[in-house]
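What follows is a short report on a single structure.
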Amino acid sequence: MSSKFDFDFDVVVVGAGPGGTAAAISCAQAGLKVAILERSPFPRSHPGETLHPGVEPILKTLGAWDAVQQANFLRHTGHFIQWFDAERFEAFGADASGDWLGFQAWRADFDAILLKQAVRSGVQVLQPCRALQPQITSGRVMGVVTSQGMLSASFVIDASGGARWLERQLQLQAQTLTPPWLVYYGYVQGECPARDHHPLICADTEGWTWTAKVKPHLYQWTRLWLTEGAPSKTWAPEAFQGLQHIGSTQCADMTWRIGSKAAGLGYFIVGDAAAVLDPASSHGVLKALMSGMMTGHLIVKSMRFTLDPTEVYTFYQQWLARWFFHDAERLKALYDQFPKAPHWLF
């Protein structure tokens, strides 16, 4: 986009990941005027994501279910777990209609599906377009200064993921529960029949490894080491030895953290921009979608009814904190089983 603009919106969303698009769609479905700013062109690379069957009703509500089904993502009934005991299979569950099936979604395709659904819902997408700084008037966030001009808005939603754009801009504090926590991941190509039908998470004395088939002939691994160090350029799980490496090993900051003020005058923060736990907690995309939809719901209620803003923002912060600390306790119990359990567990 080359021209400057100065638009008025009900909601401006920074970031077009699952949390941002879910928030934008929820607001647009209620008739609000919404814009999404995304600094990166699509498709963009993300590690493959295992989606719990619980994502189905959410995708139906967002209007993206049919497109997700048509994407032909790999499906599976559960995953294998080997956590200092015999390997066991944990199924998602079943009902009268049959087994519940999760997705091994290819994130570039999944994110594109949600963004297209946002456009169909009436959301204006500005891409590539960078958010530079929030526009603040009388202590309230009133819009975003972007690389293409100024966008005013009644609410701004930060869905910028690990960039944590608004938290940094407003100099908000965050609570961290761990020291810096890096997760490594990579891809291999070939054939690994043992991983063709179900993912596996396997713990050892040094950490844990997740392995899964993400596309035909393409597999992904994710590794967290409890000890210091990083993998070599040719590292791969034992099951993937001999397969061809695709691209370089990448890492992501998965330090456990939650923002101390995920909502305030004129803004909400969703997804990884609001709170992060490492992938062993699972359901990362599901939680991003849920936080986006919750934010959309609260914004619509706030704009249509006379609500006390402080109560709305407090409710969202408490809602976010409940699942974060619940999952953190579950993760601590898992890590406590390691012979070299991190000192911060105690």
Side-chain angles (χ1 to χ4, degrees), residues 46-52 76 78-92 102 104 162 174-188 192 194-195 198-214 219-241 243 245 248-258 272 274-288 320-346:
H46 276 290
E49 181 70 38
T50 299
L51 301 180
H52 187 276
H76 53 280
H79 54 270
F80 284 99
I81 300 173
Q82 190 172 13
W83 204 270
F84 301 109
D85 53 15
E87 183 179 294
R88 69 185 190 279
F89 182 72
E90 186 170 292
F92 291 129
Q104 193 62 42
Q175 180 180 358
T176 58
L177 303 188
T178 70
W181 200 247
L182 294 179
V183 174
Y184 296 87
Y185 63 95
Y187 298 88
V188 294
C192 181
R195 292 280 67 78
H198 299 96
L200 165 70
I201 186 167
C202 180
D204 55 63
T205 58
E206 303 296 326
W208 58 259
T209 304
W210 171 269
T211 51
K213 185 176 184 178
V214 292
Y219 302 84
Q220 185 222 334
W221 58 266
T222 302
R223 174 70 183 179
L224 185 146
W225 273 274
L226 296 179
T227 55
E228 294 183 2
S232 67
K233 293 181 179 179
T234 58
W235 189 89
E238 183 178 351
F240 292 164
Q241 294 298 321
L243 276 64
H245 290 260
S248 58
T249 297
Q250 301 179 64
C251 70
D253 182 357
M254 291 294 174
T255 303
W256 298 8
R257 56 171 301 283
I258 181 170
D272 284 355
V276 174
L277 291 169
D278 73 64
S281 66
S282 71
H283 311 331
V285 166
L286 180 63
K287 290 170 183 171
L320 192 71
R322 275 196 299 272
W323 66 252
F324 175 84
F325 288 107
H326 174 267
D327 284 1
E329 287 301 317
R330 289 177 58 247
L331 277 178
K332 285 184 178 182
L334 286 176
Y335 286 120
D336 193 28
Q337 299 177 39
F338 282 87
K340 301 178 182 178
H343 66 83
W344 48 261
L345 286 174
F346 309 100

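Please read these numbers as outputs of a predicted model, since none were measured by experiment.
Between G162 and D272, the shortest heavy-atom contact is N-CB, 4.5 Å. P199 and G78 get closest at one heavy-atom pair: CD-O, 3.6 Å. Closest of all the heavy-atom pairs between L224 and L182 is CG-O, 4.3 Å. Taking each heavy atom of R257 and A174 in turn, the nearest pair found is NH2-CB, 3.4 Å. When all heavy atoms of M254 and P279 are compared, the closest pair comes out as CG-CD, 3.9 Å. Closest approach of W323 and A275 over heavy atoms only: CH2-CB, 4.2 Å.
Contact annotation: the side chain of F240 approaches that of T211 to within less than 4.5 Å [non-hydrogen atoms, C-beta and beyond]. Side-chain atoms of W210 and Y185, non-hydrogen and from C-beta on, never get closer than 4.5 Å to each other. For the pair L226/W208, no side-chain contact is recorded, criterion being any heavy-atom separation below 4.5 Å from C-beta on. Considering only heavy atoms from C-beta on, W83 comes within 4.5 Å of F338 through its side chain. In this structure, Q175 and F324 have side chains that are not in contact, with every pair of non-hydrogen atoms separated by 4.5 Å or more.
Annotation: cation-pi geometry not satisfied between R223 and W221 (NZ/CZ under 6.0 angstrom from ring centroid, within 45° of ring axis).
The distance from the OG1 atom of T255 to the CG atom of L277 is 11.0 Å, given to the nearest 0.5 Å. In this structure, the separation between CG on D327 and CG on D278 is 10.5 Å, given to the nearest 0.5 Å. Interatomic distance, NZ of K213 versus SG of C192, reported as 9.5 Å (0.5 Å rounding). Interatomic distance, CG of L51 versus NE2 of H283, reported as 10.5 Å (0.5 Å rounding). Taken from CZ in R88 to NE2 in H79, the straight-line distance is 8.0 Å, to the nearest 0.5 Å. Between I81 atom CD1 and H198 atom NE2 the span is 12.5 Å, to the nearest 0.5 Å.
Ring orientation note: the planes of Y335 and W181 are nearly perpendicular, at an angle over 60° on the 30°/60° scale. Ring geometry, F92 versus H76: the interplanar angle falls from 30° to 60°, so the pair is classed tilted.
The local environment of CD in E87 is crowded, with over 12 non-hydrogen atoms from other residues, nucleotides or ligands closer than 6.0 Å.
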